[in-house]
Amino acid sequence: VLGEAEMSEKSSVREARDAEAGAARRGRPPSDKILERLTSAALKIIEDEDVSSLTIERVCKLAKVSRATFYRRWDSINPVFTSTVARILQDSSPPVIRGSNLRENLARGMRNRAELLADKRVGGLFRHAFSVASADEELRHLIQELDRERNAPLIDLLQRAQRKGRIKPDIRFDFVAHQIFGPIWHRSLLLQLPCDEDFISTVLDGVLKDISLED
């Protein structure tokens, strides 16, 4: 037989669960739907204004989401920020791997990254991200994960080239990705200069000289 305290606890749990289910039936949107609305608002803000305007108050107002609703789910702007970066990366097509020309495929990936970072929305977001991430471990890990996802097609290309004996067997694929894309991040975001074909070709010449087994 249940004791009075245990019965009371079980009753409270049932009431809380029933209340939550009732709220869902009454149409309270789930967190992912709220985040979609906030992300769309954030994209509008950084396109029309500036990343510095990306505050909880501003995003909630444009998305028509109450701040109480926001704070019931999150305690910082980070989920909206990272969702916005992810949306932009998803909307920008990853480089297409065509044929067996390793150099051309790598160059295509570099052009894709350069074009992406030339977008003022993306450039502003990442410049802001780098300044904030040094003091925010969660944001730093999320950015690293997005970068790994974005580098995946290039790393897969390098792995296939290595299996065919076209590049050295002892290379670190993630290091090569940094060698290829690092200069683009630096030139695009820090110096805010264009990554033209001469720049891409020069960077690629140096990388391929270090890793290639082909003449």
Side-chain angles (χ1 to χ4, degrees), residues 5-94 112-152 181 184-186 188-192:
E6 188 175 355
M7 290 178 66
S8 177
E9 182 180 355
K10 287 182 176 293
S11 177
S12 297
V13 170
R14 270 197 309 273
E15 288 174 4
R17 187 167 56 241
D18 291 344
E20 185 175 347
R25 286 194 297 272
R26 289 193 298 273
R28 177 186 291 175
S31 293
D32 58 345
K33 295 296 183 183
I34 293 291
L35 188 57
E36 281 183 25
R37 288 165 57 184
L38 293 167
T39 300
S40 296
L43 286 166
K44 179 69 173 171
I45 289 169
I46 60 177
E47 187 170 340
D48 294 347
E49 301 173 40
D50 186 78
V51 70
S52 62
S53 301
L54 206 59
T55 63
I56 292 174
E57 181 178 8
R58 185 75 181 87
V59 172
C60 284
K61 182 177 180 180
L62 188 59
K64 294 182 171 58
V65 172
S66 73
R67 294 176 68 181
T69 296
F70 183 97
Y71 284 113
R72 275 198 297 270
R73 292 163 169 82
W74 307 287
D75 58 7
S76 76
I77 194 69
N78 285 354
V80 177
F81 181 83
T82 52
S83 176
T84 303
V85 173
R87 174 84 68 83
I88 292 173
L89 292 176
Q90 289 165 2
D91 290 346
S92 62
S93 301
N112 177 273
R113 184 66 58 93
E115 290 168 2
L116 179 66
L117 295 180
D119 185 316
K120 71 171 186 177
R121 302 174 306 161
V122 182
L125 277 171
F126 275 107
R127 277 190 291 274
H128 177 73
F130 293 154
S131 67
V132 173
S134 61
D136 190 320
E137 185 176 1
E138 179 186 5
L139 181 57
R140 183 165 64 251
H141 289 323
L142 287 168
I143 291 172
Q144 289 168 353
E145 181 59 31
L146 288 172
D147 189 58
R148 281 191 291 269
E149 290 176 5
R150 196 68 187 176
N151 290 346
F181 292 135
I184 293 176
W185 286 100
H186 180 272
S188 297
L189 299 186
L190 183 61
L191 302 180
Q192 298 187 46

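- Two residues are said to be in side-chain contact when any heavy atoms from C-beta on lie closer than 4.5 Å; I77 and T55 fail this criterion.
- The structure places CG of L117 at 9.5 Å from CG of N112, a figure rounded to the nearest 0.5 Å.
- Here the shortest heavy-atom pairing between K64 and R37 reads O-NH2, 2.8 Å.
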Derivation of the side chain to side chain contact (heavy atoms under 4.5 Å, CB included) call for V80 and W74: CA-CA 9 Å; V80 177; W74 307 287; 5.5 Å; no
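- More than 12 heavy-atom neighbours from other residues, nucleotides or ligands sit within 6.0 angstrom of CG on D48.
- The distance from the CD1 atom of I34 to the OG1 atom of T39 is 11.0 Å, given to the nearest 0.5 Å.
- Under a 3.5 Å cut-off, the side chain of R67 and the backbone N or O of C60 do not form any donor-acceptor pair.
- Listed here is the closest heavy atom pair of L189 and G123: CD2-CA, 3.6 Å.
- Across S76 and I56, no two heavy atoms sit closer than the pair C-CD1, 4.0 Å.
- Counting non-hydrogen atoms of neighbouring residues, nucleotides and ligands closer than 6.0 angstrom, the CD atom of Q144 exceeds 12 such neighbours.
- With sequence neighbours excluded, no residue forms a ring-ring contact (aromatic ring centres under 6.0 Å, His included) with F181.
- Between atom OG of residue S53 and atom NZ of residue K44 there is a gap of 13.0 Å, rounded to the nearest 0.5 Å.
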Show the numbers, then the answer: is there a side chain to side chain donor-acceptor pair (under 3.5 Å) between H141 and E137? CA-CA 6 Å; H141 289 323; E137 185 176 1; 3.3 Å; yes
Assess whether side chain to side chain contact (heavy atoms under 4.5 Å, CB included) is satisfied between F70 and V59, documenting all intermediate values. CA-CA 10 Å; F70 183 97; V59 172; 6.0 Å; no
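- With sequence neighbours left out, N151 forms a side chain to side chain donor-acceptor pair (under 3.5 Å) with R113, D147.
- Of the inter-residue distances, the one linking L43 atom CG with R87 atom CZ reads 5.5 Å to the nearest 0.5 angstrom.
- The backbone N or O of T69 sits less than 3.5 Å from a side-chain atom of R73, completing a donor-acceptor pair.
- The two residues L35 and P79 make their nearest non-hydrogen contact at CD1-O, 3.9 Å.
- Within the 4.5 Å cutoff, the side chain of S83 has no heavy atoms near those of the E36 side chain.
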